[in-house]
Amino acid sequence: MPELAKSLQNVENKYLKTIGNNKIRLFNEEFSKYPGTIKLVVGEPDFNTPEHVKQAAIKSIEENYSHYSPQKGFDGLLKAISNYLDSRYNLKYDPESEIIVTVGATEAIYVSVASIINTGDKVIIPTPAFSFYASTVKALGGIPVEVDVSDNGFKLSSEKLQEVIDEEGDSVKAIILNFPSNPTGVAYNKSEIEELAKVVKDKSIFVICDEIYSELVYDVKHVSFANVLPEQTILINGVSKSHSMTGYRIGYIAAPKEFVAEADKLHAFTTTAASNPAQFGAQEALKNGLDDPIETRKVYKERRDYLVKELNEIGYKTLNPQGAFYVFPKIPEEFGLDSESFARKLAKDARVGVIPGSIFGKGGDKYFRISYAVPLDDLKEAVSRIKKFTEDFQSELTK
């Protein structure tokens, strides 16, 4: 096995040292070592990809779509995305000049951030938030400005946003919003978006809006930030969560054509293009599978309702999420544990795997994330174990 030459040991992207590894996967691997653990860890649908979507991907292989696709994506998929955004959310994007098909929403996030910031530029991120946002900004030499919103129902207020912009100054180049949110499941309504939009309108600030969970909302209607401020919004979405297609790796960017023209350069240098079978599958999903999420949404809602009720009764204060497939319960203060210690103790003593809230940035360390993208029977068994764990722990504390 070769060892890195000593002369190369300090030749590196210095920013990568600051971000560490993907802790969600690390905790998943750690908890897998405990036999019989119910893992409520990974944010991935537990449903199969719809059959008609799979057949569309297979057909593309059989018809020998084996060469490079157009850089931004096949025309059919670009048109399907454009039509979907128009019919679903009343968003108007030209398929030829305002949309890029990416390798998952992850590439869309990377390309969007990389197309905006230079070394030292700042990006505002309301936290707790998906950990990839801050890591991506750091890896590109930017400075993530984490804004703890845990005391405001996990939402960024217009007043807080204005305060942060005033404090950070002209070095702020973007804000990253995610709703429905990972890890909290909160969603913003139109009036809340309008208030945020007033703060950034006409400023030299992009709004990167990750709406990958837009099809998984409960009791509310999803409103896109692009409905309110399209000229400054970079919309990110995809089919991973809506159609259980995480492994297909299809996301997309929709934005003003001037931004797309620049972002497409980086997309080309990074991935060339998304894979052909995945694109044909995504085209089928967005063209003929708009009703596919309906049944899965019902199942997720049932699981959400069960979890929120049970966790609150056990003593874990849990807000009712409006979307995605996560709950973000609060760790009882009397436990005296930070979120990583709590998650490790729960896994070891009760064989239930959850993600520590600290992974999601400022404001997260008093909480933990549960993914309810698992069968209801598994959730019921997990709740039973959490209840016993809690009773036993409280008994120990009172001795």
Side-chain angles (χ1 to χ4, degrees), residues 24-25 27-49 154 180-186 213 215-219 241-242 244 246 292-332 334-335 337 339-357 359-360 366-397:
I24 293 177
R25 290 198 174 273
F27 273 100
N28 185 47
E29 292 171 7
E30 179 179 337
F31 298 155
S32 295
K33 297 176 183 177
Y34 297 116
T37 296
I38 299 174
K39 293 191 294 182
L40 312 176
V41 175
V42 179
E44 179 174 35
D46 58 314
F47 299 98
N48 292 323
T49 303
F154 299 113
S181 163
N182 173 10
T184 65
V186 302
Y213 294 99
E215 287 292 330
L216 302 180
V217 292
Y218 320 107
D219 311 318
K241 314 299 184 179
S242 61
S244 306
T246 50
D292 289 341
I294 292 176
E295 288 304 313
T296 55
R297 198 159 50 229
K298 288 180 182 177
V299 175
Y300 286 137
K301 184 178 184 298
E302 179 186 9
R303 296 173 184 176
R304 179 205 66 171
D305 293 345
Y306 169 77
L307 262 182
V308 171
K309 177 178 179 294
E310 293 294 324
L311 289 168
N312 277 310
E313 287 183 0
I314 295 171
Y316 295 87
K317 185 178 179 181
T318 307
L319 291 179
N320 196 37
Q322 296 172 306
F325 38 62
Y326 310 105
V327 292
F328 204 56
K330 191 171 186 179
I331 301 166
E334 63 267 26
F335 285 6
L337 297 176
S339 60
E340 291 197 13
S341 299
F342 172 82
R344 287 193 166 98
K345 183 173 178 60
L346 184 65
K348 183 179 180 181
D349 294 356
R351 296 297 196 265
V352 177
V354 299
I355 294 296
I359 286 175
F360 304 102
K366 297 178 181 179
Y367 302 85
F368 61 99
R369 190 191 78 174
I370 287 178
S371 168
Y372 51 86
V374 297
L376 184 58
D377 285 346
D378 287 352
L379 288 179
K380 289 182 177 180
E381 175 60 26
V383 165
S384 176
R385 295 182 187 185
I386 292 172
K387 184 176 182 179
K388 184 178 186 308
F389 165 86
T390 304
E391 292 171 347
D392 290 347
F393 195 8
Q394 289 172 333
S395 178
E396 290 177 17
L397 292 173

Side-chain heavy atoms of Leu307 within contact of Thr318, under 4.5 Å:
no
Would you check if Val354 and Ser339 make a side-chain contact, meaning some heavy-atom pair closer than 4.5 Å?
no
May I ask you to test the Ser242-Asp292 pair for a side-chain heavy-atom distance under 4.5 Å?
no
State, with a plain yes or no, whether a side-chain heavy atom of Phe389 is found less than 4.5 Å away from one of Arg385.
no
To the nearest 0.5 Å, what is the distance between CD on Glu340 and CZ on Phe27?
4.0 Å
4.5 Å side-chain heavy-atom contact, Leu216 and Arg304
no
Taking 4.0 angstrom as the limit, do Glu295 and Lys298 come out as a salt bridge?
yes
Parallel under 30°, tilted from 30 to 60°, perpendicular over 60°: which one fits the rings of Phe328 and Phe360?
perpendicular
Atom NZ in Lys317, atom CG in Leu311: separation rounded to 0.5 Å?
14.0 Å
Do the side-chain N and O atoms of Tyr316 and Thr390 include a donor-acceptor pair separated by under 3.5 angstrom?
yes
For the pair Asn28 (side chain) and Ile24 (backbone), establish whether a donor and an acceptor sit closer than 3.5 Å, ignoring hydrogens and angles.
no
For Phe47 and Tyr300, I'd like to know if the aromatic rings sit close, meaning centre-to-centre distance below 6.0 Å.
yes
Could you tell me the separation between the CG atom of Asn312 and the CG atom of Leu319, rounded to the nearest 0.5 Å?
8.5 Å
What pairs with Lys309 under side-chain hydrogen bond (donor to acceptor under 3.5 Å, both in side chains), at least two apart in sequence or on another chain?
Glu313
Could you tell me whether a side-chain N or O of Arg369 sits under 3.5 Å from a main-chain N or O of Pro356, the two making a donor and an acceptor?
no
For Glu391, does its backbone N or O pair with a side-chain atom of Ser395 as donor and acceptor, under 3.5 Å?
no
Working to the nearest 0.5 Å, report the span between CG of Leu379 and CZ of Arg303.
6.5 Å
Show every salt bridge (Lys or Arg N to Asp or Glu O under 4.0 Å) that has at least one partner inside residues 30-43, sequence neighbours left out.
Glu30-Arg344
I'd like to know if the side chain of Lys241 and the backbone of Gly43 have a donor-acceptor N/O pair within less than 3.5 Å.
yes
Parallel, tilted or perpendicular, judged at 30° and 60°: which one describes the rings of Tyr213 and Phe325?
perpendicular
Give the C-alpha distance, both sets of side-chain angles, the deciding distance and a yes or no for side chain to side chain contact (heavy atoms under 4.5 Å, CB included) between Val383 and Ile314.
CA-CA 9 Å; Val383 165; Ile314 295 171; 3.9 Å; yes
Does Thr184 use its side chain to pair, donor to acceptor, with the backbone of Ser181 at less than 3.5 Å?
no
Under a 4.0 Å threshold between the charged nitrogen and the carboxylate oxygen, would Glu215 count as salt-bridged to Arg297?
yes
Criterion side chain to side chain contact (heavy atoms under 4.5 Å, CB included) on Phe393 and Lys345, from CA distance to verdict
CA-CA 10 Å; Phe393 195 8; Lys345 183 173 178 60; 3.9 Å; yes
Is a side-chain donor or acceptor of Ser371 paired with a backbone partner of Val41 at a separation under 3.5 angstrom?
no
To the nearest 0.5 Å, what is the distance between CG (Asp46) and OH (Tyr372)?
11.5 Å
Nearest 0.5 Å, please: how far is CD1 in Ile359 from CZ in Phe368?
13.5 Å
